[in-house]
Every structure is written in structure tokens, then in C-alpha cells.
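The structure appears below as C-alpha cells.
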Amino acid sequence: MRKQSWINLFLLLLVLLLGLWVWLTPEEASNTVRTPLTQLDPAAVNSIEISNHNGPRFVMQRQGADWRMTEPYPVRANGPRIDILLDLLSTPQIEAFPLPADRLAEFGLDRPLAELTFNQTRIIFGGTHPYNYRRYLRIGDQLYLTNDIFPHHALARAEEFVSHALFAEDETIEEIQTPTWRLTRQPDGWAMQPEAPGVDVAQLAEKVADWQHTWVAKVIQAPATPSDQNVTIHLANRAEPLVLEVVNNKKQILLVNRPLGLAYQLNNDSLLQPPANRD
């Protein structure tokens, strides 16, 4: 057999041996279980407090199956985002060791990026490792290194944790009044003023449903300049109507809740348009 053939045979055997090794070892590697960052059960968390340098401290409280922000805005909180944030509690530890109190600056803990408190468990966000860019987290006197997948939540402003739903599931619209049209619930359905020829009751109900189930694109601080156009919405079992200022310009369309100091950004102006004739 020629020398080249021996080399090819050797390489083939080497590939087969490597394949056999990979086939026999992945289960062992995949079964490596890392210790979670905390032992706190996310379902047992009733209070979350977030402090960072991007805005005022904010607090969220669990109320039954939902979450509500209590500071600085008394509003419903963004439940899906909170569910993702709670995954921080069980994120795997890559490394853990006692915190060297005289080396806080080395780990970005002399001026932390953020502090998150779940019930009584406080997690302090430091800097990242200089080579693998994993995140240093402090809990008590322990220092942990974890994958850096939560900083955008820890560094968020309060407005980013406000619910994107305009109305809660238990809130029912009774009337919508915009600058150009009004829909009012009647015993036999919905009525529109001014009347729109060719628009039936089902289309009116569809417009109300669009408002009822709106999920806005973004929640931000209310702009300082008030608008002279409003949408007034009457809800069942609420004495005072909800008044939303309408800011409609080339950059964005906002519904501003002035008493709360919040603005809800819409994807487009379809909500403000009157019910249309499909024909």
C-alpha cells in the first residue's frame, strides 16, 4: 500500500474515533447542571424594586395574577416583561466567590449600574468581565458571574415597565368621543354621531373592540406641551371619564394621560379614524 493511502486510512480512523468520542460524551456534557443565582421562587415574589441611573426608582407589586406599579406611576405594570425579568432569579451561576470588599471598583460595584430587589433579596449589577463579558452580580457578601442577558431590564426606565394595554380586561367602554366622531352604547348596540351612511352596527362594534383591546407600541413620559385635541372615554362603573390628549405629528402619534404624566405611542392613526364603510 502506498504511503498516501496509509495517511488517508489514518485520517479516516482519526475522524471515526473523534466521532465516537463526541457521540459518547454529549449526554454527560449536557447534563451539567449549574447552580441558580438564587433559591427564590419567582411565584413567591410579590414586590420588585428597580433603581438605576436612567430615571427615578420604581416599585411594582403583585396583585393576584397581575402586577401593578405603585411608584412613581399608579398604573398596571407590564406583566410579560416582569415574567422575563423574574428569570434572573434562576439564571445559572458561572462562578461564585466571596466579595473582596477592598476591590469593588474592579468589578464595577463601587458605582453599580442598577439595584434590583425581589422581596428582600437585593441583586446589584456591576460591570462585565474584561475577556468573556459576563456580568458581575452582588448578593450580600457574595460575588457572582453570570451570562449578561438582563441589563436592558435592569437599566430600564419606569415607563418601560408600564402595561402596553390601554384598558384592563375588566374595564368596559361605554362611550368614545374623538374630535370628529362619537360612539355611544345603546340597549340595541352602538350609535354613531354624526351618522355615517353605509356603516352598520357590526362595524361600530368593531371600532369599539379595536379601542378596547389596543396594545400600544411604547409608553413614554408625557410631553411638556399640552394638546388642544382630546379623546374622552367613558368606562362602565367609573364616575369620571378618561381624557386622553391627542398629539399627532410627523414623528409620532401619542395618547397622553396628563394626570399620570404618561404618553402611549400608537403604531398608526387608525384608532382615531371613524368607522369605515367596507364598500
Worksheet item: Does R138 reach the main-chain N or O of G140 with its side chain, forming a donor-acceptor pair under 3.5 Å?
Response: yes

Worksheet, complete the sentence: Value for CD (Q229) from OG1 (T178), rounded to nearest 0.5 Å, stands at 9.0 Å

Please tabulate, for side-chain N and O atoms in residues 121-130, each donor-acceptor pair with protein atoms closer than 3.5 Å (sequence neighbours left out).
unit_1 : atom_1 : unit_2 : atom_2 : d
R122   : NH1    : E115   : OE1    : 3.1
H129   : ND1    : Y131   : N      : 3.0
H129   : ND1    : N132   : N      : 3.4

Practice prompt. Name all residues meeting the side-chain contact (heavy atoms from CB on, under 4.5 Å) criterion together with V243; count only those two or more places apart in sequence or in a different chain, and write none if there are none.
Written response: N230, T232

Practice prompt. Measure from the side-chain N and O atoms of D269 to the backbone N and O of L272, and report whether any donor-acceptor pair falls under 3.5 Å.
Written response: no

Extract all donor-acceptor atom pairs below 3.5 Å that involve side chains of residues 98-114 and protein atoms in other chains or at least two apart in sequence.
unit_1 : atom_1 : unit_2 : atom_2 : d
R103   : NE     : E106   : OE1    : 2.8
R103   : NH2    : E106   : OE1    : 3.2
R103   : NH2    : E106   : OE2    : 2.8

Worksheet item: Can a salt bridge be assigned to the pair E175 and R185 using a cut-off of 4.0 Å between side-chain N and carboxylate O?
Response: no

Worksheet item: Between the main-chain N or O of R157 and the side-chain N or O of E160, is there a donor-acceptor pair closer than 3.5 Å?
Response: yes

Taking only distance into account, with no hydrogens and no angle test, what donor-acceptor pairs under 3.5 Å do side-chain atoms of residues 210-219 form with protein atoms, sequence neighbours excluded?
unit_1 : atom_1 : unit_2 : atom_2 : d
W211   : NE1    : L271   : O      : 3.1
Q212   : OE1    : I173   : N      : 3.1
Q212   : NE2    : E171   : O      : 2.5
T214   : OG1    : D210   : O      : 2.5
T214   : OG1    : W211   : O      : 3.4

Discussion item. For the OG1 atom of T70 and the CD atom of Q61, what is their distance to the nearest 0.5 Å?
Written reply: 5.0 Å

Acceptor/donor pairs from residues 82-96 side chains to any protein atom, 3.5 angstrom cut, sequence neighbours excluded:
unit_1 : atom_1 : unit_2 : atom_2 : d
S90    : OG     : D87    : O      : 3.4
Q93    : NE2    : P36    : O      : 2.8

Worksheet item: By side chain to side chain donor-acceptor pair (under 3.5 Å), which residues pair with W190, not counting sequence neighbours?
Response: none

Item to complete: Provide the closest heavy-atom pair for P42 versus R62 in the form atom of the first, atom of the second, distance.
Response: O-NH2, 3.0 Å

Fill in: E206 side, atom CD; D200 side, atom CG - distance, nearest 0.5 Å
9.0 Å

Worksheet item: Are L143 and L40 connected in a single hydrophobic cluster, I mean Ile/Leu/Val/Met/Phe/Trp/Tyr linked by side-chain heavy atoms less than 4.5 Å apart?
Response: no

Worksheet item: Is the backbone N or O of Q120 less than 3.5 Å from a side-chain atom of T117, with the two atoms forming a donor-acceptor pair by type?
Response: no

Worksheet item: Just by modelled atom types, is the V162 backbone N or O under 3.5 Å from a matching donor or acceptor in the R81 side chain?
Response: no

Worksheet item: If only atom types and distance count, is the side chain of N52 paired as donor or acceptor with the main-chain N or O of N54 below 3.5 Å?
Response: yes

Fill in: Centroid separation F58 to F161 less than 6.0 Å
yes

Worksheet item: Hey, does the side chain of N119 reach the backbone of S47 with a donor-acceptor pair shorter than 3.5 angstrom?
Response: yes

Discussion item. Rounded at 0.5 Å granularity, tell me how far CD in Q142 sits from CG in L37.
Written reply: 11.0 Å

